[in-house]
Amino acid sequence: EADIYQTPRYLVIGTGKKITLECSQTMGHDKMYWYQQDPGMELHLIHYSYGVNSTEKGDLSSESTVSRIRTEHFPLTLESARPSHTSQYLCASSERAGIGFWYFGPGTRLTVT
Amino acid sequence: KNEVEQSPQNLTAQEGEFITINCSYSVGISALHWLQQHPGGGIVSLFMLSSGKKKHGRLIATINIQEKHSSLHITASHPRDSAVYICAVSTGTASKLTFGTGTRLQVTL
């Protein structure tokens, strides 16, 4: 049973809209991540957090922002959506640094028209 | 050269065949992960290895730390095994994963 949740699962939105993708986990993990994945392509890290009030940009430049006010919640916000943001966004959490099992959310498939 | 290389990139097998997917890495690691992603779906963690061998049902994962190589085996493959299998490594105390490019497996009847 998945312990990491993402909403919405699918979202179609017009250019210029502000959107927030939600991610929550019930496992008490400090470490959480957002990945972007285009169809058939590798995962690219866009943001990560090592705990409350800790956020870092990932390897892929992104126009999104994140916040981590509570351990269980790691939302990702796009202030002004563009067609280039069309992609799948995957949230993940891990048990601890180095050796730790990873858990992935079901993903949010975003289409910006 | 990617730090994590997988082979083959694509694999088609008939139901019942024994399947092997390989992963080689070029960095020191603290753990290696095998992940599964069905078309249009999220990612499921199959194994986390730092040494030796692990088995779960029809899936077996092995790792050779000296040779920097891991294999994922599927015995008695079934069409429901059709998915992309991704090898990923975590290094030192860094909590980020470095992903391979994935192996797309198609199992036919």
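Chain letters run A, B, ... following the sequence lines, proteins first, then strands; residues in each count from 1.
There is no path of hydrophobic side-chain contacts, each under 4.5 Å, that joins A:V12 to A:L78. B:W34 and B:I65 fall within a single hydrophobic cluster, where Ile, Leu, Val, Met, Phe, Trp and Tyr are joined by side-chain heavy atoms under 4.5 Å apart, directly or via other members. B:I19 and B:I60 are members of different hydrophobic clusters when ILVMFWY side chains are connected at heavy-atom separations under 4.5 Å. Hydrophobic clustering (ILVMFWY, side-chain heavy atoms < 4.5 Å, transitive): B:I63 and B:V27 are in one cluster. Hydrophobic clustering of Ile, Leu, Val, Met, Phe, Trp and Tyr side chains at less than 4.5 Å, counting indirect connections, keeps B:F47 apart from B:F18.
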(Q) Before you tell me yes or no, could you show the steps for B:L35 and A:F104 under side chain to side chain contact (heavy atoms under 4.5 Å, CB included), namely the whole-Å CA-CA distance, both residues' side-chain angles and the distance that decides it to 0.1 Å? (A) CA-CA 10 Å; B:L35 312 169; A:F104 290 83; 4.0 Å; yes
### Task
Begin from the C-alpha positions of A:E42 and B:V4 and carry the test side chain to side chain contact (heavy atoms under 4.5 Å, CB included) through to its verdict.
CA-CA 12 Å; A:E42 298 172 48; B:V4 182; over 6 Å; no
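Across all their heavy atoms, A:F101 and B:S45 have their closest contact at CE2-CB, 3.3 Å.
Contacts of A:Q6 with chain B are absent, with no heavy-atom separation under 4.5 Å from either backbone or side chain. Heavy atoms closer than 4.5 Å to chain A are found nowhere in B:L32, neither backbone nor side chain.
Note that OH of A:Y35 is 5.0 Å distant from CG of B:L97, once rounded to the nearest 0.5 Å. Note that the CG atom of A:D59 and the OG1 atom of B:T98 stand 8.0 Å from one another [nearest 0.5 Å].
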